[in-house]
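Some notes on the structure that comes next.
Note that the coordinates shown come from a computational prediction; the quantities given were computed from them, not determined experimentally.
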Amino acid sequence: MPDLTVDELVSRNKTVTTTHEPFPTFAEMAAIGADVPCLVVLTCIDPRCKPEYFLDVKPGEGVLVMRNIAGHVTPALNDILALDAFLTINEIMVVHHTDCGASHFTNDIIRQKMKERLPSHKEVDGIDFGGFQDLEQSVKDDLNILRSSPLVRKELADKAVGYVFDIKTGALSPVNG
């Protein structure tokens, strides 16, 4: 399949707008007494890892899906804090998945590539790009970041849970950590 372009995606949007049903604004939701989202699912940006699919999430169920490389907490922490302050989050579900791209690289590999592109930028040496070797330990490490942050409410940190999604079976396995 050829690579998509931004122009092609924008063209697809024109088709979507012909059948789009508007979403309610926050003011409209408040006026009708609708629940605001209160559960965060943090997972990987990998297109094989679709929480709306493997969790069977439906629109309006109050689930906010956040995605980044490997589904790590650190790059998402500011967003989690802002959402919790604005909406009051009740639970956080951290989901990593099998065959994650971040398990196939190390910080050193990415740093070397970055230095080839940007040889004068030494700050690359201090960046954590999220690579990991042990999938379950990676989930445990992310849960620990949530639970040890002084900025995350204890009630929310206590409700943080971790899982591994198996891309072959579709099953979730809990990670105790």
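- Within the 4.5 Å cutoff, no side-chain heavy atoms of Ile127 are placed close to those of Met114.
- Minimum interatomic distance between Ala160 and Leu146 (heavy atoms only, all atoms of both residues): CB-CD1, 3.8 Å.
- The two atoms that bring Ala102 and Ala70 nearest to each other are CB-CB, 3.7 Å, heavy atoms only.
- Salt bridge Arg67/Asp46: absent, no basic N to carboxylate O contact under 4.0 Å.
- Classification of Arg153 and Glu155 as a salt-bridged pair holds, one side-chain N sitting under 4.0 Å from a carboxylate O.
- Note on Leu81: it clusters hydrophobically with Leu64, by side-chain heavy-atom contacts below 4.5 Å among ILVMFWY residues.
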*Could you go through the side chain to side chain contact (heavy atoms under 4.5 Å, CB included) check for Val164 and Val139 one step at a time?*
CA-CA 8 Å; Val164 169; Val139 175; 4.2 Å; yes
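- Rounded to the nearest 0.5 Å, atoms OG1 (Thr88) and CZ (Phe86) are 10.0 Å apart.
- Taken to the nearest 0.5 Å, the OG1 atom of Thr5 stands 3.5 Å off from the CD atom of Glu8.
- Contact record, Leu83 with Met66: CD1-SD, 4.0 Å, taken as the closest heavy-atom pair.
- Here the CG-CG distance, from Asp84 to Asp79, works out to 12.5 Å after rounding to the nearest 0.5 Å.
- Note: Ile69 CD1 to Cys44 SG = 7.5 Å, rounded to the nearest 0.5 Å.
- For the atom pair CG of Leu9 and NZ of Lys14, the computed distance is 11.5 Å after rounding to the nearest 0.5 Å.
- Clustering ILVMFWY residues whenever any of their side-chain heavy atoms sit less than 4.5 angstrom apart, transitively, puts Met93 in the very cluster that holds Tyr53.
- Between Lys159 and Ile92, the closest side-chain pair of non-hydrogen atoms is not below 4.5 Å.
- For the residue pair Asp141 / His72, no side-chain donor-acceptor distance below 3.5 Å is found, with atom types taken as modelled.
- The cluster map of Ile, Leu, Val, Met, Phe, Trp and Tyr, joined by side-chain heavy atoms under 4.5 Å apart, puts Val95 and Leu135 in different clusters.
- The shortest side-chain heavy-atom distance between Arg12 and Leu4 falls under the 4.5 Å cut-off.
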*Run the numbers on Glu91 and Leu156 for side chain to side chain contact (heavy atoms under 4.5 Å, CB included), then give the verdict.*
CA-CA 6 Å; Glu91 296 180 86; Leu156 180 57; 5.5 Å; no
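- Side-chain contact between Leu39 and Ile89 is absent, with no heavy-atom pair separated by less than 4.5 Å.
- Put simply, the side chain of Tyr163 does not reach to within 4.5 Å of the side chain of Leu55, judged on heavy atoms.
- From Phe165, atom CZ reaches atom OG1 of Thr98 across 7.0 Å, with rounding to the nearest 0.5 Å.
- In this structure the side chain of Leu77 reaches within 4.5 angstrom of the side chain of Ser149, judged on heavy atoms.
- In this pair, His96 and Phe132 present their aromatic rings tilted. The plane angle is within the 30 to 60° band.
- Hydrophobic clustering (ILVMFWY, side-chain heavy atoms < 4.5 Å, transitive): Leu87 and Val65 are in distinct clusters.
- Side-chain atoms of Ser148 come within 3.5 Å of backbone atoms of Asn144 as a donor-acceptor pair (strictly under, hydrogens ignored).
- Looking at heavy atoms from C-beta onward, Glu136 lies in side-chain contact with Asp134 at the 4.5 angstrom threshold.
- When all heavy atoms of Asn107 and Phe129 are compared, the closest pair comes out as OD1-N, 2.7 Å.
- Put simply, the side chain of His97 never gets that close to the backbone of Ile167: no donor and acceptor are under 3.5 Å apart.
- Following chains of ILVMFWY side-chain contacts shorter than 4.5 Å, one cannot reach Phe23 starting from Val16, and the two form parts of different hydrophobic clusters.
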_Derivation and outcome, salt bridge (charged side-chain N to carboxylate O under 4.0 Å, His left out), residues Lys168 and Asp99_ = CA-CA 10 Å; Lys168 290 294 191 180; Asp99 195 45; over 6 Å; no
*Could you check Asp142 against Lys140 for side chain to side chain contact (heavy atoms under 4.5 Å, CB included), going step by step and ending with a plain yes or no?*
CA-CA 5 Å; Asp142 279 323; Lys140 290 176 184 179; over 6 Å; no
*Starting from the C-alpha separation in whole Å, work towards a yes-or-no answer on side chain to side chain contact (heavy atoms under 4.5 Å, CB included) for Val94 and Val161.*
CA-CA 6 Å; Val94 176; Val161 293; over 6 Å; no
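- Between Val124 and Ile110 there is no side-chain heavy-atom pair separated by less than 4.5 Å.
- Here the closest heavy-atom approach between residue Cys49 and residue Thr43 is recorded as SG-OG1, 3.1 Å.
- Contact between Leu143 and Gly162 at its shortest, heavy atoms only, is CD1-N, 3.7 Å.
- Side-chain atoms of Thr18 come within 3.5 Å of backbone N or O of Thr15 as a donor-acceptor pair.
- More than 12 heavy atoms of other residues, nucleotides or ligands shown are found within 6.0 angstrom of CG on Leu172.
- One finds a salt bridge joining Arg111 and Asp108 here, because a Lys/Arg side-chain nitrogen approaches an Asp/Glu carboxylate oxygen to under 4.0 Å.
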